[in-house]
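Worksheet for the structure shown next.
Counting starts at 1 for both ligands and their atoms, in listed order. Since this is a predicted model, take the numbers as computed values, not measurements. Sequential numbering from 1 along the given sequence is applied to the chain's residues.
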Amino acid sequence: MRIEEDIKLGFKDVLIRPKRSILKSRSEVDLMRTFSFKYSSVMWSGIPIIAANMDTIGTFEMVRALSKFHILTAVHKYYSLDEWKNFINISSQHILKHVIVSIGTSLEEMKKIKEIFLLSDSLKYICIDVANGYSEHFVSFLKKIRHCFPNKIICAGNVVTGEMVEELIISGADIVKVGIGPGSVCTTRLKTGVGYPQLSAIIECSDAAHGLNGHIISDGGCSVSGDIAKAFGGGADFVMLGGMLSGHSECSGDIIEERSKKYMLFYGMSSNSAMKRYTGEIRRYRASEGKTVKIPFRGCVDSTISDILGGLRSTCTYVGAEKLKQLTKRTTFIRVTEQENCIFDIFNK
Ligand code: 5GP
């Protein structure tokens with residue numbers, strides 16, 4: 001047994017120090033980025049935020065809404081081939097450019113993803129997604145996918161430490177997805193005792209990835225736009241959001257009406273709700289590592305996105321970053337023991 005003594009930080013442990021700036025208005029801030037990748041020769045331009053590949057969030061409706069903002073959606077892996085065919089038939093190249101196709105590590109999924117990519121050349125991104133990216137099986141699956149799709153942009157995860165980021169990049173990932181346990185409906189840390197505070201994971205993993213010309217996605221743990229800014233400030237190239245995009249019209253799930261208020265269910269992909277839905281049973285050898293929550297229905301996702309982007313632009317003006325790309329260089333974190341003023345919380349309970 002060994003203990004690492006230095007404290008690892010989450011978003012709530014820091015704030016960003018303001019810096020002298022020549023920017024006059026938030027409208028001068030450019031959130032668009034253009035990326036080139038380690039293996040794929042495809043370039044991608046957009047705002048590097050990604051809707052999570054959870055079945056409630058990564059829907060075709062979400063793709064349509066977010067592509068208007070040049071934002072990516074990682075589409076969940078439960079759509080049938082016919083549903084993909086319909087979606088691709090009615091979608092423009094611009095929409096398809098902002099799609100990430102998700103896949104687990106089974107051979108059936110490998111077969112299905114080959115069929116999906118035959119439907120359109122405009123699809124560029126694959127995300128190989130497992131809860132625990134530390135297994136040898138996962139690494140060898142990643143190598144197979146890279147072999148089959150030499151020119152696609154491949155994301156793989158999740159991991160939280162530099163040495164595993166390096167291994168995944170060397171094994172064929174253009175982008176590594178980082179996060180174990182920070183998610184809003186995740187109970188992994190409680191069930192297993194395993195995890196890593198997200199901001200420290202970002203700092204360690206982005207350093208490892210950038211050293212090899214790779215990129216990272218910070219996945220999970222953002223609950224306000226300030227957290228997204230901290231993730232970019234810490235070195236994340238992309239930020240993936242689940243909970244912040246939940247409860248909107250573009251999500252899948254029924255709207256429940258109770259005492260004339262509307263709600264939607266949001267659940268983790270390893271929750272009992274998801275296991276029952278997709279396997280028809282709760283497997284006895286595994287415990288649920290996700291929870292189900294009922295959240296107020298928030299209508300169309302557009303206003304939430306505008307709010308997030310407004311917050312990010314404001315961060316950039318506070319630190320003098322004209323472009324999102326400059327945010328990491330302009331970021332100094334200060335460690336804090338306080339965040340917002342909660343004086344009015346008692347009235348709003
Ligand atoms: P959020 O933005 O809601 O904080 O985090 C979203 C991320 O949580 C997802 O992209 C995924 O990585 C993770 N996640 C989703 N469902 C589950 C689950 O059931 N268990 C765990 N451990 N993580 C989950």
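Aromatic pair F60/F87: ring centres closer than 6.0 Å.
Remark: ligand 1 atoms within the under-4.0 Å shell around heavy atoms of G243 are 1 (P), 2 (O), 3 (O). Close contacts between ligand 1 and T188 involve ligand atoms 21 (C), 22 (N) [criterion: under 4.0 Å to a heavy atom]. Close approach of ligand 1 to M240 (heavy-atom distance below 4.0 Å) involves ligand atoms 10 (O). Close contacts of ligand 1 with A52, meaning ligand atoms under 4.0 Å from a residue heavy atom, involve 10 (O). Near L241, meaning under 4.0 Å from one of its heavy atoms, ligand 1 places the atoms 2 (O).
Looking at E289 next to ligand 1, an N or O pair under 3.5 Å apart turns up. Polar contact with ligand 1: present for M269 (N/O pair, distance under 3.5 Å). Considering backbone and side-chain atoms together, G242 places an N or O closer than 3.5 Å to an N or O of ligand 1. Checked against a 3.5 angstrom limit, the closest N/O atoms of N53 and ligand 1 fall outside it.
Closer than 4.0 Å to atom 13 (C) of ligand 1 lies none of the heavy atoms of the protein.
Ligand 1 lies less than 4.0 angstrom from a heavy atom belonging to G221. The shell of residues lying under 4.0 angstrom from ligand 1, judged by heavy atoms, includes S271. Note on ligand 1: M244 sits outside its first shell, no heavy atom being nearer than 4.0 Å.
In terms of protein heavy-atom proximity, atom 10 (O) of ligand 1 is nearest to D219 OD1, 2.6 Å. In this structure, the protein non-hydrogen atom closest to atom 15 (C) of ligand 1 is M54 CE, 3.4 Å. Closest to atom 8 (O) of ligand 1 among all protein heavy atoms lies G183 CA, 3.8 Å. At the top of the distance list for atom 5 (O) of ligand 1, counting protein heavy atoms only, stands G220 CA, 3.3 Å. Of all protein heavy atoms, the one closest to atom 24 (C) of ligand 1 is C186 CB, 4.2 Å.
The two atoms that bring L66 and A51 nearest to each other are CD1-CB, 3.6 Å, heavy atoms only. The nearest pair of heavy atoms linking C205 to I216 is O-CG2, 3.7 Å.
Proximity of S270 to ligand 1, defined as any heavy-atom pair under 4.0 Å, is shared by backbone and side chain alike.
Between D13 and R335 there is no salt bridge, since none of the side-chain N atoms of the basic residue sits less than 4.0 Å from a carboxylate O of the acidic one. For D55 and R277, the salt-bridge test passes: some basic side-chain N is under 4.0 Å from an acidic carboxylate O. Between K68 and D302 there is a salt bridge, with a side-chain nitrogen of the basic residue lying less than 4.0 Å from a carboxylate oxygen of the acidic one. For K294 and E258, the salt-bridge test passes: some basic side-chain N is under 4.0 Å from an acidic carboxylate O.
Inspection of the S206 and D237 side chains reveals no N or O donor paired with an N or O acceptor under 3.5 Å. Neither side chain, K112 nor S80, offers a donor N or O lying under 3.5 Å from an acceptor on the other. Looking only at atom types and distance, the side chain of S288 has no donor-acceptor partner in the side chain of S271 under 3.5 Å away. For the residue pair Y134 and T161, a side-chain donor N or O sits within less than 3.5 Å of a side-chain acceptor on the partner. In this model, a donor atom of one side chain and an acceptor atom of the other lie less than 3.5 Å apart for S218 and Q198.
Evaluated by nearest non-hydrogen atom to atom 1 (P) of ligand 1, the leading choice among C222, A131, S184 is S184.
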